[in-house]
Structures are given as structure tokens and as C-alpha cells.
Amino acid sequence: QVQLVESGGGPVQAGGSLRLSCTASGLTFGSYAMGWFRRTPGKEREFVATISWGGSSTLYADSVKGRFTISRDNAKNTVYLQMTALKVEDTAVYYCAADRIRKVETTYAYWGQGTQVTVSS
């Protein structure tokens with residue numbers, strides 16, 4: 001059974017930083033592209049960042065480019081999202097996802113349960 005477990009969310013002030021982690025089990029982690037998505041109440045889940053299975057290729061949403069960094073450690077079955085210069089509008093539930101194909105669509109095969117990030121002014 002595949003499980004993705006996010007951690008690292010919480011409250012933070014605008015301008016601050018957080019690092020989210022997502023640890024996977026039940027799959028061959030190094031064979032999967034990983035993505036981060038987020039959702040705010042009343043909105044669709046939106047793409048944040050994605051990274052290829054080997055970590056050499058990344059892609060970011062325009063809204064987070066230059067502020068967020070996605071990375072992975074295949075030895076630890078973990079993907080990270082380093083978030084800096086956080087804005088109030090970054091407040092959301094953040095989800096990690098895994099799929100054989102790196103993509104920006106929400107059609108990933110596996111999803112975590114999400115972790116709340118709340119940015120206050």
C-alpha cells in the first residue's frame with residue numbers, strides 16, 4: 001500500500017520560511033516523479049512544483065518561482081519543499097503527490113493527506 005506522509009506545515013509570519021517534507025512508502029520512490037500542490041477553501045487544487053525521478057529537472061508555478069525550491073533525497077524516500085519569502089496568499093493545505101510521469105496536472109496516481117500552512121501578516 002502506497003503512503004505519502006507530509007509534515008512541516010504550521011503557522012508562519014509573512015516573509016518567513018518553512019520546509020515541508022513528504023516521505024513515501026510502498027513504492028519504488030526513485031522511479032516516481034514527485035509534485036507539490038496546494039488548495040485553499042473554495043478553490044481547485046493548484047500546481048506548485050514538480051521534480052523528476054532523479055531530481056535533475058524541476059518545474060514551478062509562476063506564483064512561487066524564485067521563492068520555493070523542490071528537492072528530493074531518494075535514499076530517504078523523501079521530497080522537500082523549501083518555502084521562503086512566504087506571503088499571506090501562500091496559505092493553503094499543501095499536498096505531495098507521486099506519479100510515473102512528471103506533470104503539472106492534478107492527475108497524479110498517489111496523494112498525501114496534506115499539511116496546513118498558514119501565513120499571517
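The figures here come from the full heavy-atom set of this structure, side chains too, leaving out hydrogens, waters and symmetry mates.
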With a 3.5 Å distance limit and no angle check, can you tell me whether [X] reaches the backbone of [Y] through a side-chain donor-acceptor pair?
X	Y	answer
Tyr60	Ile70	yes
Arg45	Tyr95	no
Glu6	Cys96	yes
Asn77	Gly26	no
Arg67	Ala85	yes
Thr50	Met34	yes

Using the rule that two of Ile, Leu, Val, Met, Phe, Trp, Tyr join whenever any of their side-chain heavy atoms come within less than 4.5 Å, decide whether [X] and [Y] are in one cluster.
X	Y	result
Leu27	Ile101	no
Val64	Val79	yes
Phe29	Tyr80	no
Val104	Tyr32	no

Is Asp90 salt-bridged to Lys87, cutoff N-O under 4.0 Å? no
Which atom of [X] lies closest to which atom of [Y], heavy atoms considered:
X	Y	value
Ile51	Ser71	CD1-CA, 3.7 Å
Ala92	Gln116	O-NE2, 3.4 Å
Ala14	Ser121	CB-CA, 4.3 Å

Could you go through the side-chain contact (heavy atoms from CB on, under 4.5 Å) check for Cys22 and Tyr94 one step at a time? CA-CA 10 Å; Cys22 170; Tyr94 283 73; over 6 Å; no
Exceeds 12 heavy-atom contacts within 6.0 angstrom, atom CD of Gln13: no
Testing the 3.5 Å rule here: is there a donor-acceptor pair between the side chains of Thr23 and Thr78?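 Looking only at side-chain atoms, Thr78 and Thr23 do form a donor-acceptor pair, the distance falling under 3.5 Å.
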Worked verdict on Leu20 versus Val117 for side-chain contact (heavy atoms from CB on, under 4.5 Å): CA-CA 9 Å; Leu20 305 183; Val117 172; 4.0 Å; yes
In a check of side chain to side chain contact (heavy atoms under 4.5 Å, CB included) between Leu18 and each of Leu81, Leu86, Thr84, which one passes? Leu86
Mind checking what makes ring-ring contact (aromatic ring centres under 6.0 Å, His included) contact with Phe37, not counting sequence neighbours?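 Once residues adjacent in sequence are excluded, the partners of Phe37 under the ring-ring contact (aromatic ring centres under 6.0 Å, His included) criterion are Phe47, Tyr108, Trp111.
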Counting C-beta onward and ignoring hydrogens, is there a side-chain heavy-atom pair between Arg72 and Asn74 closer than 4.5 Å?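 Arg72 reaches Asn74 side chain to side chain.
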